[in-house]
Structure formats: structure tokens, C-alpha cells
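Numbered from 1 within each chain, the chains take letters A, B, ... in sequence-line order.
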Amino acid sequence: MKRTRLADILSSKKVGDHFVVMGWVRTRRDSKGGFSFIEINDGSCLKNLQIIADKRLSNYGDEIVKIQTGCSIRASGALFHSPGKGQDVELHAEEIQVLGWADPDTYPLQKKRHSFEFLRSIAHLRPRTNTFGAVARIRSAMSLAIHTFFQERRFFYLHTPIITGNDCEGAGELFKVTTFDLGHVPRDGEDVDFKKDFFGRPANLTVSGQLEAEVYAMALGDVYTFGPTFRAENSNTSRHLAEFWMVEPEMAFCDLEGDIELAESFLKYIFAHLLENCHEDMAFFNRFIDSTVIETLEGVLSKGFERLTYTEAIEILAKAERKFQFPVAWGNDLQSEHERYLCEEVFQRPIILVDYPRQIKPFYMKLNGDQKTVRAMDLLVPRVGEIIGGSQREDDYETLLTRIREAGLNPDDYWWYLELRKFGTAPHAGFGLGFERLIQFVTGLSNIRDVIPFPRTPGNVSF
RNA sequence: UCCCCGGUAGCUCAGCAGGUAGAGCGGGUGGCUGUUAACCACUUGGUCGGCAGUUCGAGUCUGUCCCGGGGAGCCA
């Protein structure tokens, strides 16, 4: 089954050479002049290859003229300059073999544009469209860039557990993991008897690898995780998934300043990588999805991010002429409308907000000297909102203990996390980046369900 | 979970003030052309989201449930 990928043929354009190509038919147009044009795509790149099928081919009458959108074919022939507009080269087939038919009466994809809503209902076929093919390639390229960025900086890739026994990390509702027969759950009086469950205690899918990443940062120095996380929140928005991928670097001997520098150079690295290596797909998004995405990424590369404190942000919002639905007051968390106003109207580019009030942030963030704020940073981008949340971590044992109690959590559940502060504690910091939200930002796609192959949302686990 | 909007042919939608359904695309057939979201002609195609109700009569009005979208909350 030797073949040459379309990406290689179309980039090298070796006219005169002989190739074997395989792919899925996008369209067939017949010429009664005695041949057919068949466009195929094999997913290796956005572009299609036009194949010229002459009527002298032995199966022209019974097969080739019946080839429809969705069929998979194998074609061999020589590459020629194309006299037509729309493509530089084309393959003149010497042989065409249909590998798999696609009944046109029931194959749901047309040559025409479909709505994203409809394509979500056929998630098994939507990667064959231009948009979803491009998203998949971008997603893959970004994954590679994430690893190379960290590896070049000598971070170690850490695998944190998917199933955890930490019942509360303060990050949303948990999916429970059990082997119980839910019709007959063992009970100890009123309560569920978890001693009889697989782990002998309650377990759940992870909502974040951060606490475990801190463990390894306090031994290896710089580590990062890149894996799936799960939130059972009943969130029905274009920015939330029940299963999403998160990147979480964690650095020992690092403060908030270093954390912000890492976040900024990280995003710049990813964006530069995309602009350099994913020209065709990025141009596609810029043309058909959002005509500002390339300019936005270039803007980040040249100008970086606006940085301000939470307190400064509140001052700007308080002076704004705009009427907000939610009140602006120091101590309140910023609402979407506030974040959007700052990002999209005041600064018109990504912003980093630091030093949030302690009461609106999790227990593990380091308390500032003022005792009122914590060393937190949120990175907000236009359209998508928060894509990074990070902080310097609390490294003082007593302060952390107090903060855990303040949050209404049981210190016993965090004994090992607390021990990191007891034995050789050190300043450290890290952040979490929502991978899908980053893809939304770079592609311009407005619904997060369209940047992950098989989205999981409340009421939907199809495919 | 809350607030808005929507669910009509395989897809995208129209159907104005209740009188039992239309277009474009797709599919099929024929024609035409180095075509390229091809084009032209003909043709195929629907228990109008489900269940109740009002009415002589419901795609159209009412209730309710389900599903989808946008926004909000929660967050990444």
C-alpha cells in the first residue's frame, strides 16, 4: 500500500514524476470531452489534488463515472502542470481503483457548506471537511510545540493520575469513579460503604494535576503535565467541556514574575510555531472563520500582553462609562462582561491580571505581604476569556494550613501536600492552560465543541 | 442551573393574519462544457421534534417534555 501524501506532492510539485495517491473524493465533474475531474483529499493537508480520469481507463464506464463525494480511491499516474485555474498541478491517472464506495443517497456530507451544529451530530465524518481537518492538524501541531517548548527549557514531562482520591481541590464538580453496581450500592447505615468499593474509599476523575505536579516540581525542579481533565459542572456554554486537555507547568525556585514570563514566552512560542509551520491551515481560518486571527497572533508576538493588577482593573472598570450588569467593587470577582470590556475595548489585546483578593482565589495561592491579596495571575484574551490561571504557591506551612481551614477543607486530606512545606519547602509557581480555549483563540472558532474531536458536554457522550 | 432564540425534505431555510406544505442545494435521468461550490432541463423527496389541548379545521394558537443555538453563572 505504498502511497505519496498529497502534502508532499503539492509542496514539491515534481511534474513528470509518477505517483500513487489514496484519499477520499471531494467532488467529481465530468467532461463529455471524454474524461472526468476527480478531486481527492487525504487529510495530509488542506488542499485537494485534481485527478484527470480519461474515458480510456478500463473501468471508466462502470466505476469512475459513479464515483461520488465520500468514496475512497487509489490512483496512480504522472503529475502534470494543470492548464486550468485553481491548481498548479494535476495527476493524469493511468489507473483508478475504488477502495470504498459511499452511497450518495445516505452519505451526509455534501460539497456544500454545512452548519457546525449539523457536523457535530456526525462527529465520525466531520474530520473529512476542510474546517475539521484543519483543526485536527492545528491541534496536533500545537501539541508538538507545547512539548518542544518545555523540553527545550529542560522541563520534565510528568504524568499525573487520571483517577484521584483527592475529594476536593476546589475546582468544580467531580466525576465519581466506582465499580459499584449502582442498583445495589453497599451501605453502612445511611452512608455509602466505600470500604467495599474498588479503592476502599471515594475516588474521582482528576480536575487538575497541579497538586501532584507540585510534588515533582519540589524534586525535579521544572515539570509540566499535558493531559485530560474532567469537570462535572453543568455548564452549557461555548467555552466549557466536561473533558478537556490542560497544560500545567510547575517550577521550583520561581515566583509570580517568573511564572508570568513563562506564560508569555510559552504563548509566543506556540503562536510563532503556528504562523511558521501551519501557513495553509491558518490562512484558511483567517479567510473563512475569523479574518483577524493571523493579525491577532502577530500582534501578540510583537507587543506581548498588557499587565495590570486586579486593583488597577477595578479602578478602570469603576471609571468606565459603560453600565455593567454586575457591580464593580474591590473584592468581587470579575464577571465576563468586565473581562471582555478590559480585553476587547480598553486594551484590545490579551491582558494579564495579577494580585487578586484572597477570598476569591483558591487556598494554595501565596498570600501577599498586604494579607489581602494573593500572588495570582489570570491571562485573558479577547473573545475566549480566561485561558490561563496561575499563581505562586503558598510555601509557608502555617499559612497554608490556615488557608486550607479557611476554605472549609480538611487538612488531613492534604497531609502530603502540607508535608512539601514541612520538608525543604521552596518558592514555586505554575499555571494551568486550557488547551481547547487556546485552540479557539488561534483558530477563531467560536464553539469549544468544534476544536476537540469528540466533545463531552452535559447530556452528550456520543461517539 | 437561569434568561433569550430555534426545531418544516438528506442539508440550508421560507411558509406573512389558523384552511392538510415550498425554494435552493444534494440525489436520480438527460444535455453541455479543461471542469473547479460548474452550468441547463426534467425528476425524486416530508407522520412540519414528541405528547396533550383549543378549533369544523393546527406547520401556524396554548401547555408540557425532549433536543439544538446564543448569553449568564462556574471555571481552563
Side-chain angles (χ1 to χ4, degrees), chain A residues 26-39 47-54 65-66 68-70 80-87 90 92 102-122 125 129-130 169-173 207-210 228-248 288 324-326 333-340 360-362 378-381 384-390 431-441 446-452 457-460 462:
Chain A
R26 287 294 178 83
T27 173
R28 190 200 83 239
R29 296 176 293 270
D30 298 325
S31 164
K32 284 285 154 34
F35 50 95
S36 295
F37 302 94
I38 302 170
E39 270 188 57
K47 278 207 188 78
N48 300 330
L49 175 67
Q50 176 164 284
I51 296 168
I52 309 300
D54 194 274
V65 294
K66 292 177 187 149
Q68 295 281 19
T69 304
F80 283 79
H81 280 298
S82 177
K85 289 172 190 159
Q87 62 281 315
E90 61 190 21
H92 289 201
D103 178 3
D105 286 333
T106 50
Y107 185 68
L109 289 175
Q110 303 175 7
K111 287 179 257 187
K112 222 180 85 180
R113 203 187 143 77
H114 291 285
S115 68
F116 289 140
E117 290 85 351
F118 170 66
L119 292 171
R120 272 169 225 152
S121 72
I122 50 167
L125 296 171
T129 64
N130 287 336
E169 289 162 14
E173 290 291 308
V207 294
S208 163
Q210 181 199 314
T229 41
F230 309 88
R231 306 271 168 96
E233 292 292 344
N234 190 11
S235 299
N236 292 286
T237 82
S238 54
R239 317 183 288 287
H240 288 87
L241 290 166
E243 176 182 293
F244 65 98
W245 285 64
M246 193 147 64
V247 179
E248 295 180 288
F288 291 104
F324 294 111
Q325 196 193 333
F326 291 87
D333 207 353
L334 297 180
Q335 304 296 317
S336 285
E337 56 174 346
H338 306 140
E339 297 180 347
R340 295 189 78 126
I360 59 173
K361 286 292 179 187
D378 279 4
L379 193 147
L380 312 173
V381 299
V384 184
E386 182 181 349
I387 59 170
I388 285 180
F431 64 79
L433 168 125
F435 187 45
E436 283 75 18
R437 287 190 182 172
L438 184 62
I439 302 174
Q440 279 187 273
F441 181 64
S446 56
N447 196 310
I448 201 166
R449 294 170 181 88
D450 298 325
V451 298
I452 189 167
T457 52
N460 193 349
S462 302

Report summary line: Given protein heavy atoms under 4.0 Å, the one-letter contact record of nucleotides 64-73 of chain B, with B base, S sugar-phosphate only and - none, is simply ----SSSBBB

Query raised in the report: Taking protein heavy atoms under 4.0 Å as touching, what does nucleotides 34-50 of chain B look like 5' to 3' if B marks base contact, S marks sugar-phosphate-only contact and - marks none?
Result: BBBBS------------

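Protein atom CG of Asp105(A) is 10 Å distant from nucleotide atom P of U29(B), rounded to whole Å. We find that CD of Glu243(A) is positioned 17 Å from C1' of C75(B), with the value rounded to whole Å. When rounded to the nearest whole Å, the span between CD of Glu339(A) and P of C75(B) equals 11 Å. Rounding to whole angstrom units, CG of residue Leu125(A) and P of C11(B) are separated by 13 Å. Distance CD1 (Ile439(A)) to P (A76(B)): 17 Å, rounded to an integer number of Å. Taking atom CD1 on Ile122(A) and atom C1' on G10(B), their separation rounds to 10 Å, with Å as the unit. Atom pair Arg437(A):CZ and C75(B):P shows a separation of 11 Å (rounding to whole Å applied). Following rounding to the nearest Å, Arg231(A) (CZ) and A76(B) (C1') show an atom-to-atom distance of 6 Å.
Between the Glu233(A) side chain and the Glu173(A) main chain, a donor and an acceptor come within less than 3.5 Å of each other. At distances below 3.5 Å, not a single donor-acceptor pair connects side-chain atoms of Arg120(A) with backbone N or O atoms of Asp450(A). Under the 3.5 Å distance criterion, the side-chain polar atoms of Gln440(A) are matched with a main-chain donor or acceptor of Ser446(A). Without hydrogens or angle criteria, Glu337(A) side chain to Gln325(A) main chain gives a donor-acceptor distance under 3.5 Å.
Look at the C1' atom in both G7(B) and G15(B): the space between them is 15 Å, to the nearest Å. On the C1' atoms, C11(B) is 16 Å away from U44(B), given to the nearest whole Å. G71(B) and G63(B) are spaced 27 Å apart, taking the P atom of each and rounding to whole Å. For U33(B) and A41(B), the C1' atoms lie 15 Å apart once the distance is rounded to whole Å. Of the P atoms belonging to G10(B) and G26(B), the separation is 16 Å, rounded to the nearest Å. Using atom C1' as the reference point in both A52(B) and G70(B), the two lie 30 Å apart (nearest Å). Between the P atoms of C13(B) and A9(B), the separation comes to 11 Å (whole Å). Annotation: A76(B) and C3(B) have their P atoms spaced 27 Å apart (nearest Å).
Looking only at side-chain heavy atoms (C-beta outward), Phe244(A) and Arg231(A) come within less than 4.5 Å of each other. Proximity of Asn236(A) to Asn234(A): side-chain heavy atoms (C-beta onward) are separated by under 4.5 Å at one or more points.
Searching all strands for a Watson-Crick or G-U wobble partner of U47(B) with both distances below 3.5 Å returns nothing. With both pairing distances under 3.5 Å, C42(B) is matched to G28(B) as a Watson-Crick or G-U wobble pair. Across all strands shown, C67(B) is found opposite G6(B) as a Watson-Crick or G-U wobble partner, with both distances under 3.5 Å. Remark: A17(B) base-pairs with no nucleotide in the shown strands. Criterion, Watson-Crick or G-U wobble with two distances under 3.5 Å. If you check A23(B) for Watson-Crick or wobble pairing at under 3.5 angstrom, you find it paired to U12(B).
Each of Leu241(A), Ile439(A), Leu438(A) was evaluated against Val451(A); a single residue qualifies, Ile439(A), per the side-chain contact (heavy atoms from CB on, under 4.5 Å) test.
Both Gly389(A) and Pro108(A) lie near RNA chain B, and the one whose nearest nucleotide falls closer to the 5' end is Pro108(A).
Across all strands shown, Ile387(A) has heavy atoms under 4.0 Å from sugar-phosphate atoms exclusively, and none from any base. Glu386(A) comes within contact range of the sugar-phosphate backbone alone, with a heavy-atom separation under 4.0 Å but no base atom that close. As judged by a 4.0 angstrom heavy-atom cut-off over every strand, Phe118(A) is placed among residues touching the sugar-phosphate backbone only. Residue Leu438(A) is out of contact with every strand shown, counting any heavy-atom pair closer than 4.0 Å.
Between Phe324(A) and His338(A), the distance from one ring center to the other falls under 6.0 angstrom.
At the phosphate of G28(B), OP1 or OP2 sits under 4.0 Å from a side-chain N or O atom of Gln68(A).
Remark: Ser238(A) engages no residue in a side-chain hydrogen bond (donor to acceptor under 3.5 Å, both in side chains) (not counting sequence neighbours).
Across all their heavy atoms, Arg437(A) and His240(A) have their closest contact at NH2-NE2, 3.4 Å.
In this structure, His114(A) and Phe118(A) have tilted ring planes: the angle between them lies in the 30° to 60° band.
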